[in-house]
Undergrad: 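First the structure, then my questions, so here it is.
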Amino acid sequence: MSKLDPPSPPAPPVISPYIFPVVLAALGLWCLYDGWLSADPEIQEYLLFNRIGSVVLLLWAALDVVRTRRLEREEAAAAPPDQPGA
């Protein structure tokens, strides 16, 4: 590479694969609170929606964490081992 070549662009930031399950779990906890714990009379209209939403979102988050961990382990097992000094 000569001095006249433009520098290569920096790599994009790496986002954790666990961001999506964390967002799902946060929404699930919010629905859990609104559906099961809140005594606010305005929320009573959406009680069934929040109860079903909490179960669906929390299960989805748990399944996504398990799937992501399994995928990371498979990728780590398929990667060649690091060779020191090479």
Side-chain angles (χ1 to χ4, degrees):
M1 186 161 126
S2 70
K3 292 182 179 181
L4 298 177
D5 291 336
S8 61
V14 178
I15 298 174
S16 172
Y18 293 102
I19 293 293
F20 186 64
V22 166
V23 170
L24 286 175
L27 290 173
L29 290 174
W30 180 19
C31 287
L32 179 93
Y33 175 76
D34 276 350
W36 299 95
L37 303 173
S38 179
D40 187 3
E42 293 179 8
I43 297 298
Q44 298 304 314
E45 181 179 349
Y46 308 105
L47 191 65
L48 183 62
F49 174 81
N50 284 323
R51 287 181 177 180
I52 293 172
S54 68
V55 171
V56 169
L57 290 171
L58 291 173
L59 283 175
W60 188 3
L63 290 173
D64 200 43
V65 165
V66 170
R67 184 188 59 83
T68 301
R69 286 187 57 155
R70 185 179 303 140
L71 182 64
E72 283 183 338
R73 287 181 183 168
E74 288 173 0
E75 287 177 353
D82 293 337
Q83 297 179 359

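Remember, it's a predicted structure, so these values are computed and weren't measured experimentally.
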Undergrad: To check you understand the geometry: which heavy-atom pair defines the closest contact between G28 and S54, and what is its length?
TA: O-CB, 3.6 Å

Undergrad: To the closest 0.5 Å, what do you measure between CD (Q44) and CG (D34)?
TA: 10.0 Å

Undergrad: I'd like to check the side chain to side chain contact (heavy atoms under 4.5 Å, CB included) partners of L59; sequence neighbours left out, ordered by chain and number.
TA: V55

Undergrad: What distance do L57 atom CG and I52 atom CD1 have between them, rounded to the nearest 0.5 Å?
TA: 11.5 Å

Undergrad: Would you please name every residue forming a side chain to side chain contact (heavy atoms under 4.5 Å, CB included) with R70, sequence neighbours left out?
TA: V66, E74

Undergrad: Who are the ring-ring contact (aromatic ring centres under 6.0 Å, His included) partners of F20, not counting sequence neighbours?
TA: W60

Undergrad: For a quick test of reading the model, state the closest non-hydrogen atom pair linking A25 to L58 and the distance between them.
TA: O-CD2, 3.8 Å

Undergrad: Got a sec: does the CD1 of I15 have more than 12 other heavy atoms crowding it under 6.0 Å?
TA: no

Undergrad: Not counting sequence neighbours, which residues clear salt bridge (charged side-chain N to carboxylate O under 4.0 Å, His left out) with R67? List them please.
TA: D64

Undergrad: Any pair with a residue in residues 22-51 that passes ring pair (Phe, Tyr, Trp, His ring centres under 6.0 Å), sequence neighbours left out, goes on the list, sorted by first then second residue, please.
TA: none

Undergrad: Does a sphere of radius 6.0 Å around CD in E42 hold more than 12 heavy atoms from other residues, nucleotides or ligands, not counting ones at 6.0 Å or beyond?
TA: no

Undergrad: Which heavy-atom pair separates R51 from G35 by the least distance, and what is that distance?
TA: NE-O, 2.8 Å

Undergrad: By side chain to side chain contact (heavy atoms under 4.5 Å, CB included), which residues pair with L63, not counting sequence neighbours?
TA: none

Undergrad: Any heavy-atom pair between the side chains of L29 and L32 that's under 4.5 Å?
TA: yes

